[in-house]
Amino acid sequence: MTLTQLRYVVAVDRYRHFATAAEKSYITQPTLSMQIHKLEEELGVILFDRSRSPVVPTSHGEELIKQAKIVLKEANTLLDMAQFTESELRGTFRLGVIPTVAPYLLPMFLRTFQQRHPGVELSVEEALTDDLTDKLLRDELDAGLIATPVNEHVLFSKDLYTEPFVGYFSPGYPLLPEGALRAEDLTGSDVWLLQEGHCFRDQAMQICGQVDGKDGQKVSSRRIAFKSGNLETLKRVVEQNNGMTLLPLTAVNEFERSCTQAVIRTFEEPVPSRKIRLVYAREHLKSTIVEAMASAVMESLPEELRNEAGKRVIDP
């Protein structure tokens, strides 16, 4: 029995298809099938019912696959203990980042992190929150940067910073308020939103689509003009005299504040904000790589993101 065989078994259980599992494992299907067959012979148990499509684990297979996942997780913990020591960090670290954080935060801290820890090979990928969480649970990522609370009890979370939202208005916008924004100012506005699946969309809807009306009831924005998968797309559309959107503060850097033709408005206190969190599935990482990552992020932040006063966290 080998760890490689266990990984192949877990891959088939995940994809419920031998060819797909082989492709995702970067081997040929005959090789994967042969290795699983050898493991079944060694254990004296049939792990999968191959007569069904998609393939499913047998009753004995379900229990063994559950244990295989535990074994693989513990094996990774051993690697963590060897690679991510207190004195030196080395090895591969897989980081997932949600799309509304990645383009703005990564350039701030990556260079600092790499200079401090040259032995770490950092692999970064963008993923929506649900996909990122699933990959953490499947041990396909080591950690993730997200903007919502962790719902899975098997994940660990470390709060990093609280980021305000700002209003981003087209020039000459007819409903442009004077001074600091209030949530009430956005009711009925032409709000450009991200596509469903983005936690930022849900947070924006809470701010501008669900506010107390004059009769004390909840009212919703009725004029949602557009849906996009990218904040930069929303910014460009707004700048061409089309409505408004909400952005995280890091999406509006100092250069854009001085050069953009859009109108930027900050909110009155308590300022609606999002909490950026570092999440991970293996607790051993906490005292080593996670702390190193968190330290690099925090040191790279502008002062306005480190200050918690006067902010109200919006968690969908």
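Side-chain atoms are counted along with the backbone in the values below, which use heavy atoms only and exclude waters and symmetry mates. Each residue takes its place number in the sequence, starting with 1.
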Give a yes or no answer on whether the side chain of Thr133 reaches the backbone of Thr129 with a donor-acceptor pair at less than 3.5 Å. yes
Looking only at heavy atoms, the pair that brings Ala294 and Leu278 closest together is N-CD2, 4.2 Å
Residue Arg50 excluded, over 12 heavy atoms near CZ under 6.0 Å: yes
Donor-acceptor contact below 3.5 Å, side chain Ser273 vs main chain Val271: yes
Between the side chain of Glu40 and the main-chain N/O of Leu47, is any donor-acceptor distance below 3.5 Å? yes
Is Arg116 paired with Glu299 through a side-chain N to carboxylate O contact shorter than 4.0 Å? yes
Basic-acidic side-chain contact under 4.0 Å: Arg94, Glu125: no
Full working for side-chain contact (heavy atoms from CB on, under 4.5 Å) between Leu181 and Glu268: CA-CA 6 Å; Leu181 275 177; Glu268 66 178 18; over 6 Å; no
Salt-bridge contact Glu308-Lys275 (side-chain N to carboxylate O under 4.0 Å): yes
Please confirm whether the backbone N or O of Val297 pairs with a side-chain atom of Ser300, one donor and one acceptor, at under 3.5 Å? yes
Give a yes or no answer on whether the side chain of Gln29 reaches the backbone of Ala21 with a donor-acceptor pair at less than 3.5 Å. no
Output for pair (Thr100 OG1, Glu232 CD), nearest 0.5 Å, gives 11.5 Å
Lys/Arg N to Asp/Glu carboxylate O, Arg277 vs Asp315, below 4.0 Å: yes
So, taking the atom named CD1 in Ile46 and the one named CG in Asp49, what distance separates them when rounded to the nearest 0.5 Å? 10.0 Å
Test applied, side-chain contact (heavy atoms from CB on, under 4.5 Å); reference residue, Lys69; option that passes from Val9, Val10, Leu6: Val10
CZ/Phe109 to CD/Gln114 distance, rounded to the nearest 0.5 angstrom? 9.0 Å
Determine the minimum heavy-atom distance between Asp13 and Arg16, stating which atoms define it. O-NE, 2.6 Å
Val313 and Arg274: CA distance, side-chain angles, deciding distance, side-chain contact (heavy atoms from CB on, under 4.5 Å) verdict: CA-CA 5 Å; Val313 175; Arg274 63 177 184 171; 5.9 Å; no
Ile276 CD1 to Leu105 CG distance, which is reported to the nearest 0.5 Å: 7.5 Å
Would you please test Arg138 and Arg14 for side-chain contact (heavy atoms from CB on, under 4.5 Å) and show each step? CA-CA 9 Å; Arg138 294 195 301 265; Arg14 176 187 173 191; 2.6 Å; yes
With the threshold set at 4.0 Å, does a side-chain nitrogen-carboxylate oxygen contact exist between Glu42 and Lys38? no
Find the distance between CG (Asp134) and CG (Leu141) and round it off to the nearest 0.5 Å. 10.5 Å
Any side-chain to backbone donor/acceptor pair from Lys235 onto Ala262? Under 3.5 Å, distance only. no
For the student: nearest non-hydrogen atoms of Leu231 and Leu194, plus distance: N-CD2, 3.8 Å
Donor-acceptor contact below 3.5 Å, side chain Glu163 vs main chain Thr250: yes
Where Ala204 and Leu193 come nearest, the two heavy atoms and their spacing: CB-CD2, 3.9 Å
Rounded distance [0.5 Å steps], CE in Met108 versus OH in Tyr104: 11.0 Å
Could you go through Arg182 and Glu269, starting from their C-alpha distance and side-chain angles, then the distance that decides it, and tell me whether this counts as salt bridge (Lys or Arg N to Asp or Glu O under 4.0 Å)? CA-CA 9 Å; Arg182 301 174 303 162; Glu269 294 187 358; over 6 Å; no
Scanning both residues in full, the closest heavy-atom pair of Phe267 with Ala183 reads CE2-N, 4.3 Å
Is there side-chain contact between Asp142 and Ile289, with heavy atoms separated by less than 4.5 Å? no
Going through the distances and angles, do Val120 and Thr92 end up as a side-chain contact (heavy atoms from CB on, under 4.5 Å)? CA-CA 6 Å; Val120 176; Thr92 300; over 6 Å; no
Decide yes or no on ring pair (Phe, Tyr, Trp, His ring centres under 6.0 Å) for Tyr8 and Phe18, but give the supporting numbers first. CA-CA 9 Å; Tyr8 294 162; Phe18 276 79; over 10 Å; no
Determine the interplanar angle of the His117 and Phe113 rings, folded into 0 to 90°, and report it as parallel if under 30°, tilted if 30 to 60°, perpendicular if over 60°. tilted
Counting only N and O atoms by type, is there a donor-acceptor contact under 3.5 Å from the side chain of Thr245 to the main-chain atoms of Trp192? yes
Which word best sums up how the rings of Tyr280 and Phe156 line up, parallel for under 30°, tilted for 30 to 60°, or perpendicular for over 60°? parallel
Exercise: do Tyr15 and Glu23 side chains pair donor with acceptor under 3.5 Å: no
Heavy-atom nearest pair, Gly243 first then Tyr173, reads CA-CE1, 3.6 Å
Ignoring hydrogens and geometry beyond distance, is a side-chain donor-acceptor pair present between Ser170 and Gln240 at under 3.5 Å? no
Spell out, as yes or no, whether a donor-acceptor pair under 3.5 Å connects the side chain of Arg265 to the backbone of Ala180. no
Using distance alone, with no hydrogens and no angle criterion, decide if Glu62 and Thr58 have a side-chain donor and acceptor under 3.5 Å apart. no
Okay, side chain of Lys311, backbone of Pro164: is any donor-acceptor separation there less than 3.5 Å? no
May I ask you to check whether over 12 heavy atoms, not counting those of Glu178, lie within 6.0 Å of atom CD? no
